[in-house]
Participant: 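Supplied in structure tokens, the structure appears directly below.
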Amino acid sequence: MLYIINGVIQYSPKLKELSLVQEEQNSLVLSNQASRLLMELIKNAGNDLSRDYLLKHTWEDFGLTPSNNNLYSAVSELRRAIASLGITEKFIITIPKVGFKFNCSIDFLPTETNASQKESEEKNLKPVKYNQSISLFFAFCITVLVILYYSIMESKEIKMKKSTPSLVEVFEKCHIYSLDNPLLHIRDKILDDVLERANFKEECKTKDYNIYYSDLKSIDDYVFIGACLKSQDDKKTKCFSIRYD
């Protein structure tokens with residue numbers, strides 16, 4: 001069973017994947033706790049859910065120890081995942097002193113049956129000489145275009161501009177950097193965008209992040225925020241990005 005959220009986001013509980021309906025190849029894999037929380041929100045869409053209810057059905061019922069920190073962390077993960085798909089609308093609403101509400105519509109989409117999958121695979125395996133010729137022709141054209149592109153780029157001697165991040169603030173365990181000229185921004189605006197709009201205030205209390213901020217509204221009309229979780233050896237670092245208008 002697939003769930004369609006507000007007609008734009010597709011969620012697969014089996015794969016724990018979120019994606020846009022028309023872009024299934026670009027998917028995000030959720031953690032176990034975020035996946036369980038999302039299922040509870042989907043089942044109770046439109047209803048106010050208390051923190052105690054969510055802690056019980058997302059952690060206690062699975063033999064896990066519930067905590068508010070785990071709940072806030074899972075909510076933050078879901079909000080970041082939705083935002084990273086380019087959705088600016090707030091689906092998960094905080095109900096003060098109560099809990100949360102999933103403010104959206106839910107549709108159900110049955111997964112493809114085994115028989116239809118097999119039939120589709122058999123069709124794809126049938127060799128067609130005409131299609132092969134077309135594929136070879138397009139491959140040749142693409143190769144020529146790539147060669148021409150790099151030839152033009154080399155002739156222009158384009159130089160890439162390097163950007164050195166500037167440290168804006170150290171908040172809890174997080175280091176916040178600006179990728180722009182620091183004179184172009186107000187420190188309070190950067191902190192508001194990162195900590196409030198991107199929901200990093202709670203994350204920074206427990207996790208070490210290097211957060212990179214760039215305001216591109218003067219160019220492309222959007223704000224970019226990248227966050228990299230610090231690692232002990234600095235070799236393997238988990239990073240993700242957020243953009244909004």
Side-chain angles (χ1 to χ4, degrees), residues 1-21 23-85 87 89-114 117 172-174 198-209 227-232 236-242:
M1 177 75 72
L2 299 177
Y3 296 92
I4 307 300
I5 303 171
N6 255 30
V8 293
I9 296 179
Q10 178 175 293
Y11 175 59
S12 169
K14 182 178 180 180
L15 300 177
K16 302 174 186 175
E17 287 184 350
L18 274 180
S19 65
L20 294 177
V21 172
E23 300 180 15
E24 297 180 28
Q25 69 278 11
N26 297 324
S27 60
L28 298 169
V29 179
L30 301 176
S31 66
N32 290 333
Q33 67 173 8
S35 179
R36 294 193 302 269
L37 176 60
L38 181 56
M39 280 306 305
E40 286 303 321
L41 294 174
I42 287 174
K43 290 188 292 185
N44 298 277
N47 298 323
D48 294 353
L49 300 177
S50 68
R51 288 189 294 271
D52 290 340
Y53 175 90
L54 293 172
L55 290 172
K56 179 181 185 304
H57 289 82
T58 308
W59 281 272
E60 280 189 30
D61 289 353
F62 292 87
L64 302 172
T65 302
S67 72
N68 285 327
N69 285 338
N70 287 339
L71 176 58
Y72 296 140
S73 176
V75 170
S76 295
E77 180 181 345
L78 290 178
R79 284 172 170 168
R80 288 197 305 270
I82 292 172
S84 68
L85 294 174
I87 306 300
E89 184 180 357
K90 290 186 177 180
F91 290 162
I92 305 177
I93 299 176
T94 301
I95 309 299
K97 298 182 180 180
V98 178
F100 299 94
K101 177 181 180 179
F102 203 41
N103 188 33
C104 59
S105 63
I106 303 295
D107 294 311
F108 305 96
L109 182 66
T111 55
E112 191 176 25
T113 63
N114 291 335
Q117 285 180 348
E172 299 290 349
K173 295 186 176 183
C174 293
N199 299 302
F200 275 102
K201 183 174 288 186
E202 292 296 328
E203 288 285 295
C204 289
K205 292 181 181 179
T206 58
K207 297 180 180 178
D208 297 343
Y209 279 107
C228 294
L229 189 62
K230 297 179 185 177
S231 61
Q232 294 181 352
K236 294 181 179 179
T237 303
K238 180 181 179 182
C239 298
F240 58 88
S241 63
I242 301 171

Participant: Rounded to the nearest 0.5 Å, how far apart are OH of Y11 and CG of L109?
Facilitator: 15.0 Å
Participant: Checking S76 side chain against Y72 main chain: does a donor-acceptor pair fall under 3.5 Å?
Facilitator: yes
Participant: How many angstroms lie between atom CD1 of I87 and atom SG of C104, to the nearest 0.5 angstrom?
Facilitator: 11.0 Å
Participant: For the side chain to side chain contact (heavy atoms under 4.5 Å, CB included) test, which of I4, N44, I5 pairs with I106?
Facilitator: I5
Participant: Do the rings of F108 and Y3 sit parallel, tilted or perpendicular, given the 30° and 60° boundaries?
Facilitator: perpendicular
Participant: Not counting sequence neighbours, which residues clear side chain to side chain donor-acceptor pair (under 3.5 Å) with K101? List them please.
Facilitator: none
Participant: Under a 4.5 Å cut-off applied to non-hydrogen side-chain atoms, are L229 and F240 in contact?
Facilitator: no
Participant: Tell me, which pairs form a salt bridge (charged side-chain N to carboxylate O under 4.0 Å, His left out) where one or both residues lie in residues 29-41, sequence neighbours left out?
Facilitator: E40-K43
Participant: Quick check: do L64 and T58 have side-chain heavy atoms less than 4.5 Å from each other?
Facilitator: no
Participant: Would you give the length of the straight line joining atom CG of D48 to atom CG of N103, rounded to the nearest 0.5 angstrom?
Facilitator: 10.0 Å
Participant: With T94, which residues qualify under side chain to side chain donor-acceptor pair (under 3.5 Å), at least two apart?
Facilitator: R79
Participant: Going from CG on L85 to CG on N26, what distance comes out if it is rounded to the nearest 0.5 angstrom?
Facilitator: 9.0 Å
Participant: Is there a side-chain contact (heavy atoms from CB on, under 4.5 Å) between N199 and R80? Walk through the geometry before answering.
Facilitator: CA-CA 8 Å; N199 299 302; R80 288 197 305 270; 5.7 Å; no
Participant: Passes side-chain contact (heavy atoms from CB on, under 4.5 Å), I242 versus F200? Steps please.
Facilitator: CA-CA 11 Å; I242 301 171; F200 275 102; 4.1 Å; yes
Participant: Taking all atoms of both residues into account, what is the closest heavy-atom pair of L55 and S67, and its distance?
Facilitator: CD2-O, 3.3 Å
Participant: Please find the pair of heavy atoms, one from P13 and one from M39, that lie closest to each other, and give the distance.
Facilitator: CG-SD, 3.8 Å
Participant: Identify the heavy atoms of K207 and C174 that sit nearest to each other, and give their distance.
Facilitator: O-SG, 3.8 Å
Participant: Working to the nearest 0.5 Å, report the span between OG of S35 and CD of E77.
Facilitator: 9.5 Å
Participant: Report the residues that fulfil salt bridge (Lys or Arg N to Asp or Glu O under 4.0 Å) with E202, sequence neighbours left out, ordered by chain and then residue number.
Facilitator: K205
Participant: Of all the heavy-atom pairs spanning Y209 and A227, show the shortest one and how long it is.
Facilitator: CD2-CB, 4.0 Å
Participant: If you look at every heavy atom in K173 and T206, which pair is closest and at what distance?
Facilitator: NZ-O, 3.8 Å
Participant: Going by heavy atoms in the side chains, are F62 and N32 under 4.5 Å from each other?
Facilitator: no
Participant: Stepwise, does the side-chain contact (heavy atoms from CB on, under 4.5 Å) test hold for L49 with F102?
Facilitator: CA-CA 9 Å; L49 300 177; F102 203 41; over 6 Å; no
Participant: With a 4.5 Å cut-off on side-chain heavy atoms, are L30 and L18 touching?
Facilitator: yes
Participant: Please identify each residue that fulfils side chain to side chain donor-acceptor pair (under 3.5 Å) with T65, with sequence neighbours left out.
Facilitator: none
Participant: Who passes side chain to side chain donor-acceptor pair (under 3.5 Å) against D61, sequence neighbours left out?
Facilitator: K56
Participant: If you look at every heavy atom in F91 and I9, which pair is closest and at what distance?
Facilitator: CE1-CD1, 3.8 Å
Participant: Say you draw a straight line from CG of L41 to CG of N47; how long is it, rounded to the nearest 0.5 Å?
Facilitator: 10.5 Å
